[in-house]
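Counting starts at 1 for both ligands and their atoms, in listed order. When a residue number appears, it is its place in the shown sequence, counting from 1.
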Amino acid sequence: MNGTIFDIKHFAVHDGPGIRQTVFFKGCPLSCWWCHNPESQDVNPEKIVRINKLDGQEFKKEVTVGYQISVDELYKTISGDQIFFEESGGGVTFSGGEPLTQSDFLFEIIKTCTQNGIHTCVDTTGFASEKTIKKIAEATDLFLFDIKLIENKLHQKYTGIPVDEILKNLKWLDQNNKNVILRFPVIPGITDTEKNISEIKSFIKSLNNINQVDLLPYHNISNGKYARFKKKNKMENTKPLSDDDMNKLKLEFESLGLIVGIGG
Ligand code: SF4
C-alpha cells in the first residue's frame, strides 16, 4: 500500500516524547489562515519553482513537493532511527497535513511500527469520521490533538471547516482513556482572544483525562513558501506574541492543574 508524504524529519524533539522521526503526510481538509506548511494542503504532489542565489545571480529550478512511498519503504526509513528511539523513549510521529486523510495507509504503517516495538504518535486536527478516529485510536500510542477555536462560526471562518466533529472526536478519545496531548496554536487576534481562551479552558475542564497542553506560538515564517505555491498569505503582517505574553498564557493554563509547554 502506498501513501503520499512530503517530508521526513529525523531527530525531532518537539513532536511527542523522546527523540522522534516525524513523517509529514500530504493532504489536509483544513485551510487555516496561519498554516506554516501550505505545501501540505493538497494531497497530490505539486510542482513549484525554487529560486537559489549564487554570487548575486538567481537560478530557478522546478521541483516536485510530495512523493508516494510504500509501507515497507517508509518502515525501513523509520526503523533506521530505532536505536535513538530506544535510548530516548521516543518513536515516530505522523504529522502533516492531516495524517487521518490517508487513514488506511496510516493504519498499516502504525501496525508495522507497533509490531516492531516502535512507539507511534499521530499529530492531528481531529477532523475525521468517528470510524476513522476509533480505528486509529486502537492502533496508536498517543495523539497530539489540536484545539484551535471553540465557536463554530469562527472555526469555519479561519480553518474552512466546522468544529463540531473535532470536539466530538476529542470527547470520545477522552471518554475512552486514550492518550492525548492537546496543542493550542496561539494565533494573535484569532485564537488568543479572551473569549476563545475562556471557552477552551472550560472545554478542557469538562474532560477527564487530559493533563497536558502545549501552546504553539505563531511565527511569521511562511511568506516565501506562500509565494512559491502562488497562495495568498492572509497573515502576512501579523506579529508574533511576545515571550512575556506566552508565559502569561502558560500560567493561565497551569492554573487548571495542567502540564503546559511552549512549543510543540
Ligand atoms: S491543520 Fe495544519 S496543515 Fe492543515 S491547514 Fe491547518 S495548519 Fe495547515
Side-chain angles (χ1 to χ4, degrees), residues 3-9 12 14-16 20 22-46 48 65-67 93-103 105-106 121-129 132-133 136 143-170 173 180-192 196 200 213-236 238 240-241 262-264:
T4 308
I5 64 172
F6 68 94
D7 203 4
I8 294 177
K9 184 165 80 182
H14 295 297
D15 297 332
R20 311 199 67 84
T22 306
V23 179
F24 294 88
F25 280 46
K26 209 158 169 351
C28 181
L30 280 68
S31 45
C32 306
W33 281 29
W34 53 88
C35 185
H36 285 173
N37 290 327
E39 71 272 41
S40 69
Q41 292 177 0
D42 191 327
V43 75
N44 299 305
E46 292 166 88
I48 59 160
V65 177
Y67 56 95
T93 298
F94 301 104
S95 183
E98 171 49 73
L100 297 178
T101 53
Q102 300 183 59
S103 61
F105 177 69
L106 178 65
C121 171
V122 175
D123 176 15
T124 181
T125 67
F127 186 66
S129 68
T132 297
I133 279 283
I136 299 301
F143 285 95
L144 303 180
F145 198 112
D146 269 19
I147 187 158
K148 302 177 174 81
L149 289 153
I150 297 289
E151 194 185 314
N152 208 31
K153 261 193 192 164
L154 292 178
H155 200 278
Q156 178 86 51
K157 174 177 176 185
Y158 290 111
T159 74
I161 54 140
V163 76
D164 318 6
E165 287 303 306
I166 293 173
L167 298 182
K168 203 170 110 196
N169 286 335
L170 180 53
L173 292 173
V180 176
I181 295 175
L182 290 182
R183 299 184 127 193
F184 173 41
V186 185
I187 312 299
I190 299 180
T191 68
D192 74 338
N196 188 50
I200 287 187
V213 56
D214 290 332
L215 309 177
L216 308 181
Y218 169 77
H219 296 293
N220 198 344
I221 53 171
S222 308
N223 280 341
K225 274 193 188 180
Y226 275 87
R228 284 199 291 280
F229 284 88
K230 298 191 175 74
K231 289 183 178 175
K232 181 165 171 42
N233 183 0
K234 293 177 180 160
M235 307 284 297
E236 206 170 357
T238 305
L241 254 69
I262 296 181

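Under the side-chain hydrogen bond (donor to acceptor under 3.5 Å, both in side chains) test applied with Ser95, the options Asp123, Asn37, Thr22 reduce to a single match, Asp123.
For atom 1 (S) of ligand 1, a protein heavy-atom neighbour is present inside the 4.0 Å cut-off.
Inspection of the environment of atom 6 (Fe) of ligand 1 yields the following protein N, O or S atoms under 2.8 Å: Cys32 SG.
Annotation: side chain of Asp15 is not in contact with side chain of Cys121 (no heavy-atom distance under 4.5 Å). Contact of the Ile133 side chain with the Leu100 side chain is registered, since non-hydrogen atoms from C-beta on lie closer than 4.5 Å. Between Ile187 and Met235, the closest side-chain pair of non-hydrogen atoms falls below 4.5 Å. Inter-residue side-chain proximity for Val122 and Phe143 is flagged as met; some heavy-atom pair is nearer than 4.5 Å. Side-chain contact between Thr4 and Gln102 is present, with heavy atoms from C-beta onward closer than 4.5 Å.
Distance OG1/Thr101 to CD/Gln41: 11.5 Å, rounded to 0.5 Å.
Remark: ligand 1 atoms within the under-4.0 Å shell around heavy atoms of Ser40 are 3 (S). Below 4.0 Å from some heavy atom of Gly97 lie the following atoms of ligand 1, by number and element: 3 (S).
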